[in-house]
Protein chains: 2
Amino acid sequence: MSAPSGASEQKNGTSEITQDSDDLPDMLDAKLWQNPCPFSFRINYLSLLYNTPLYAWIQDTYGLKRHEYVVIYSLALADGGSARDISRTSGFPKNTLSRAVKRLEMMGLLEERSKAPGGGRRQALRLSDKGRKLFNETVSVFESYEEKMLTPLSKGERQILFELMSKVVVGAEDWADDLPQTGATDSTKNAKGEMR
Amino acid sequence: MSAPSGASEQKNGTSEITQDSDDLPDMLDAKLWQNPCPFSFRINYLSLLYNTPLYAWIQDTYGLKRHEYVVIYSLALADGGSARDISRTSGFPKNTLSRAVKRLEMMGLLEERSKAPGGGRRQALRLSDKGRKLFNETVSVFESYEEKMLTPLSKGERQILFELMSKVVVGAEDWADDLPQTGATDSTKNAKGEMR
DNA sequence: CTAACTAAGTTCCAAATTGAACTTGACTAC
DNA sequence: GTAGTCAAGTTCAATTTGGAACTTAGTTAG
């Protein structure tokens, strides 16, 4: 219910739920076209469609969990970054990343860190040659999957999309993390988060 | 390292890692501007920035986990939908949703289902009045947070963005779930996934 | 009608996740 | 110097998660 312009609503006159049944649910239509937050849904849904098969493939092919591969990818782009940086930019909590780093180090994908114990201060993480090789082998799969995702768009449209999305992300500093409407959002509590 | 045009690279001459330290990491810059998958990063990162505070707020205010609220939201848009539909459109696995539905039912947010046990066939889930009330109370917060996210864009730009994103999602049927490059991706294995 | 097949939903339990404490180290003020 | 503060990283324990097996029903073939 909840809105007009539903995708389908004929068939039998009883009050049954309409459902194409074979494939994509009615619900997808509703979430796309009757959603009060259409942009949010689109980014979430596309992220899902993009990430799921890629990380499943990474898992099957290299035995790396998503957060582990994220570490590799992050360091490939920003060598010498810290676990905190990866946490901030990926949303995985720092203890999850701590374990990921430890495992990747054991697997020889990261350079050995000098100071391991306790914690202390910022650790610059670096890919080993093996780690960089892994990245180089895999990145093109990610790239071409993004390419595939953008197939419906012309070159020019992609450029526009890139610019608009960039604007939104750059502007995010202003809004990120203060809730609207909700009067007294006490700031003493730090949000967790994730991504997937 | 890893690329030119790095954000900052002066300071002390030693081989230290450059880092603004105070706030946003260098790594974010790298992921934005030297990323082979710039679109994928943007949707993932924006999803993170959007979802995290909202679901933290939901949790604090109503004691509902993300997947539980997702059930509410989904049914508000597509009443009579099934757990499977929610799974397909949100990425949460069906057993997680099964538990969520059970709890929401106990909390009186969903209408009682007639057939509970075992499973069997498609169950049409429906919000109770209480559930719909909860949705109505919360949806505006989600809406205005999306609004905030899009602040940097003009009305016209938002329209364009909407259309481009729609094109991509609609085209997704074609590419979703077949991996590129990887020759023999056996299809007998079903990908899991999530969203957040 | 019965058997076989398919798929939604549930249950189970081993494994993963993450909040909370803790450790460690740097930086600051005195 | 020393005390105090702050934040990165680690560890621990309790909860949560989700793959796999199972149950239940509808649907189809014989």
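Reminder, nothing fancy here: chain letters follow the sequence lines and each chain counts from 1.
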Starting from [atom2] on [N], measure out to [atom1] on [X] and report it in whole angstrom.
| X | N | atom1 | atom2 | result |
| --- | --- | --- | --- | --- |
| A:Arg113 | C:dG25 | CZ | P | 14 Å |
| B:Asp60 | C:dG19 | CG | P | 12 Å |
| A:Arg103 | C:dT17 | CZ | P | 11 Å |

For the side chain of [X], starting at C-beta, report the closest nucleotide among [options].
| X | options | answer |
| --- | --- | --- |
| B:Lys102 | C:dT11, C:dG25, D:dG9 | C:dT11 |
| A:Ser98 | C:dA26, C:dA8, D:dG9 | D:dG9 |
| A:Lys94 | D:dT10, D:dA25, D:dG19 | D:dT10 |
| B:Pro93 | C:dG9, D:dG18, D:dT10 | D:dG18 |

Report task. Evaluate the ring-ring contact (aromatic ring centres under 6.0 Å, His included) criterion for residues B:Phe41 and A:Tyr50: first the C-alpha distance (whole Å), next the side-chain angles of each, then the deciding distance (0.1 Å), finally the verdict. Result -> CA-CA 11 Å; B:Phe41 177 71; A:Tyr50 179 80; over 10 Å; no

Query raised in the report: Is the shortest side-chain N to carboxylate O distance from A:Asp85 to A:Lys94 below 4.0 Å?
Result: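 Salt bridge flag = no for A:Lys94 with A:Asp85.
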
**Report entry** Carboxylate-amine/guanidinium contact B:Glu147 B:Arg158, below 4.0 Å
**Finding:**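 Counted as a salt bridge, because a side-chain N and a carboxylate O are separated by less than 4.0 Å.
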
Report task. With sequence neighbours excluded, give me every salt bridge (Lys or Arg N to Asp or Glu O under 4.0 Å) pair touching residues 161-172 of chain A. Result ->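 Listed once each, the pairs are A:Lys167-B:Glu157.
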
Is any side-chain N or O of [X] closer than 4.0 Å to OP1 or OP2 of [N]?
| X | N | result |
| --- | --- | --- |
| B:Lys65 | D:dT16 | yes |
| B:Thr96 | D:dG18 | yes |
| B:Arg84 | C:dA8 | yes |
| A:His67 | C:dT17 | yes |
| B:Arg122 | D:dT24 | no |

Report task. Identify whether NZ of Lys or CZ of Arg in B:Arg42 sits under 6.0 Å from the centre of the six-membered ring of B:Trp33 and within 45° of that ring's axis. Result ->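 Yes, cation above the ring, under 6.0 Å and within 45°.
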
Query raised in the report: Considering only heavy atoms and no angle criterion, is a donor-acceptor pair shorter than 3.5 Å present between the side chain of A:Asn95 and the base of C:dG19?
Result: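 Present.
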
Query raised in the report: Counting only distance, no hydrogens or angles, is the base of D:dG18 paired donor-acceptor with the side chain of B:Arg99 under 3.5 Å?
Result: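 It does, because a donor-acceptor pair links the side chain of B:Arg99 to the base of D:dG18 below 3.5 Å.
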
